[in-house]
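Just so we're on the same page: letters track the sequence lines, and every chain starts at 1.
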Protein chains: 2
Amino acid sequence: MSVQGSMPLGEVLVGDCVEIMKGLPAGSVDMIFADPPYNLQLGGELTRPNNSRVDGVEDSWDRFDDFAAYDHFTNAWLRQARRLLKPDGTLWVIGSYHNIFRVGAGLQDLGFWILNDVIWRKSNPMPNFRGRRFTNAHETLIWASKDQEANYTFNYRSMKALNEDLQMRSDWFIPICGGQERLRDSEGKKAHSTQKPEALLHRCLLASTKPGEVVLDPFFGSGTTGAVARKLGRRWVGIEREEKYAAVARKRISRVQPGDPESLQITEKREQKRVPFGWLVERGLLEAGTTLVSYNGRYRAKVRSDGTLVTEGFSGSIHQVGAHVQGAPACNGWQFWCLNAEGKRVPIDVLRDKLRAELN
Amino acid sequence: MSVQGSMPLGEVLVGDCVEIMKGLPAGSVDMIFADPPYNLQLGGELTRPNNSRVDGVEDSWDRFDDFAAYDHFTNAWLRQARRLLKPDGTLWVIGSYHNIFRVGAGLQDLGFWILNDVIWRKSNPMPNFRGRRFTNAHETLIWASKDQEANYTFNYRSMKALNEDLQMRSDWFIPICGGQERLRDSEGKKAHSTQKPEALLHRCLLASTKPGEVVLDPFFGSGTTGAVARKLGRRWVGIEREEKYAAVARKRISRVQPGDPESLQITEKREQKRVPFGWLVERGLLEAGTTLVSYNGRYRAKVRSDGTLVTEGFSGSIHQVGAHVQGAPACNGWQFWCLNAEGKRVPIDVLRDKLRAELN
DNA sequence: GAGCCTGATGAATCACGCG
DNA sequence: CCGCGTGATTCATCAGGCT
C-alpha cells in the first residue's frame, strides 16, 4: 500500500499520473477533468492538397500498441480517479471517436453513472483535405458521477443563464483554441499540441463545481484546467508527465488573476433558505382569511392563521391543498396559488422572495 | 452451418435479427443501418411540471439484465453484420450515451474501422424537466468500414452540395420525427416508440451508397430505412422482431413513390472520365509552349506538345514536375499548376472541366 | 380565413433533507 | 435507514378549437 499524503493544492505534479494518483488521499477531490491521450492511429503523415504538412498529434505519449494496451491504461487511471473522488464528486472526460467509446465503456464498467455526453462543436475545425469523410467538427465529453445514487452538483440556473434563459443543451458551440489564447514557444510553435479552449473548461467547471472546491486534472498539459479553476475561484491540482509542459502551465497559471469571491457567488434556487408559508401570515405579509386563487383561476382556498389553506372539505399545506384540488400527486403551492393584485394573478412565491430579502 | 439463401430484397423478415442474418449470404450487402435497442434503464415514472406523465420507452425489447448481457447481444449482431457486408461496405449505428460507447468499443474490437462519429443535433428535444442535467439534445451515429484498407463509398460532392457547398460536418441539425411524418395507430398513439426522421436516413444513404445498392436494416421498426431507400432508388432488406411493426413498415413503404433514376443520378468527381493532360494540348485548349505557374507563384514550367511539362533540368507529367519542384513526394498537378488569366492565377483544372463538358 | 389560445408530446438513465 | 413533507421543474412543435 502506498503512503498517501495530503492534497498538494495549486501544484503541478510531474510524473506518471497513475502512480502519482496512488499517492494522493482517497475521497479528496470534488471534480476531475481528464483529457487523456487520444490513441490516434495516424498512418504516416497527413498532408494538405498542396503538400504542406499537417502538424498532427504524433508525440510519443499518444502511441499505444493496440486497443488492449489502451484499455489497460484507461482502466488504471479511471480506477484511481474513482478512488480520489468524493462520493458526490463527478468526472469529465474528453475524447474523439478514436478513444471515447473505449473510455465510456470502461468507466461504465467501473460503476460510474453517465449523467450526460456533451458535444463540443468546433466553430473552426480542420477541413477533411482528402474529401473522403465528413469534416470531423466535434469532440465528445462524458460527464459522470461515481454511482447512480450520488447527489452530484449541477448549477442549473447558471447554465440556463449562460444560454439566454433556456436550458443548456448537450451540444456546445465553442471555437478551438487559437489566436492570443494559444500558448506558443519563442519560435512561435504551439507549446502543446492539444491545448483546450478556456471557454470549454469554464463551462464544465461552472456547471459542476462550487467555488473553493477541489479540481484535479491528471493530464494537465498546458494547464487550461488550472488556469480556469483559478479564474473561477476553484482549487486545483495538476498531474503532467513532462516537465516541459508542467513549466508552461505553472507560468501560465501564475499570470491568471484569481476571481474575486463576491462575483463568483451564485445561488441556485434549491439552495435558498427554507421559508415556511406560515411565516408570511406571522409577519403580516398575508392576512388570515385572504382568498387565494389557483394560477389558472379554477380553484380557490382561504388562508388560515396557522399557515394552512382550507377549501371545500379539505385543508392542509399550500402544497397539499393544491395537489388535492387538481387531483394531482404533487404540487408546488408557491407557484400554484396566486393573489389577485391589480387585476392580475401573482404567485405567492413573490411574497416569499420579499420575506427572504427582509430576513437577510 | 446454416443454409444461406439469397437476399430477399424488398422484404421485411420477421424474427430474431441474429438468427435471420445467419441465414443470409455473406458479402451481399453494401450498407447496414442499425438502430439497436438503447438499453435505457429507466427508473420510475417521470412527470412534467404540469404533472402530465412522460411516455417513456418501456418496451420489452429495450430491457437487458446488465451490461454483460447487452454486450453479448451487441457482439452477436455486429458479427453477423460484418459477415454480410461486402468488403467495401459500411456500417451505420445510432445510439445514445446509454449504449453507444459499448457499441463503438465492440465494433472496434471486431476490426471495424471508424470513419466518423456523427452527431444528430435535435432541433426540438424533450427538455430536462427536473433541471438536474443538461438537456439531452443529441444522439450519436457511428459510421465504419470493415477495415482500415476498405475502399468505401463517400459521395463527397453530394454532401457538399447539401451543405451550401461547404464540406458536410460531423454535426447534423435535424428535427425529431413528429407531425405528419410520425406514424400513428387508429387511436392516435405512436405506432413505434422510436421512429427516426426520414431526413436522417436520407443523409446517411445519400452519403454512403449508390443507386441500386443493397441496404440492410436489422432493427427495422417502422421501416424508415426502407422508405428512404425506396425513395432514393436503393434496394433494401429489413429484419424486425415483431410482426406488428413489420406490418406497419410494409404498408408504409408500399406507399412510397420510388425515385426516378435520372433525378437520383449524382456526379462525384472521382467517377468522372479520366482526361489526360495531353488531351488539352491535342484539342487546342492549351498550346504547346505555354508557361504554367504554380498556385503560389514560386515555380514555372513549360507545356510540351506531348502533354509533358519541362522546367530547369527536369521534365515529366504535370504531377511529377509539381512534386519535383517542391521536393514533395506527390502533387496534384491539376490544382498545383495555373494559367495567368486576366491577372489572376487559375488552376488548369478549369480547362479539364471545360473539356469534359465538350466530351459529353 | 387569419390569428390566437390551449393542450399534447417527444429514445429520459430527471429531489432531497429531516426526523 | 426509511418514510414523509416540502417544493423545484419545460422547449419546440403541432393539432384543434375559438374569436
Report summary line: DNA chain C nearest-nucleotide lookup for A/R270 and B/V54: closer to the 5′ end is B/V54
Report summary line: Of B/L42 and B/S52, the one whose closest nucleotide on DNA chain C sits nearer the 5' end is B/S52
Requested in this report: Applying salt bridge (charged side-chain N to carboxylate O under 4.0 Å, His left out), run through B/E58 and B/R53 and close with a yes or a no.
Outcome: CA-CA 13 Å; B/E58 294 169 4; B/R53 202 173 146 279; 3.4 Å; yes
Classify [X] by what it touches in the nucleic acid, base, sugar-phosphate, or nothing, heavy-atom distance under 4.0 Å.
X: A/I318; result: nothing
X: B/N136; result: sugar-phosphate
X: A/R157; result: sugar-phosphate
X: B/P36; result: base
X: B/S123; result: sugar-phosphate
X: B/D35; result: base
X: B/L46; result: base
X: B/W120; result: nothing
X: B/G221; result: nothing
X: B/S193; result: sugar-phosphate
X: B/C177; result: nothing
X: A/Q148; result: nothing
X: A/N151; result: sugar-phosphate
X: A/P276; result: nothing

Is it the case that the base of [N] and the side chain of [X] share a donor-acceptor contact (distance under 3.5 Å, atom types as modelled)?
X: A/W334; N: D/dT6; value: no
X: A/R352; N: D/dG7; value: no
X: B/R132; N: D/dT9; value: no
X: B/K196; N: C/dA11; value: yes

Query raised in the report: Under 5.5 Å between ring centres and under 30° between planes: true for A/W113 and the base of C/dT13?
Result: yes
**Report entry** Pair A/W143 and A/W92, ring centroids less than 6.0 Å apart
**Finding:** yes
Requested in this report: Mind telling me if D/dT9 is syn or anti? Syn here is a glycosidic angle within 90° of 0.
Outcome: anti
Query raised in the report: Rounded to the nearest Å, what distance is computed from the CZ atom of residue B/R48 to the P atom of nucleotide D/dT9?
Result: 18 Å
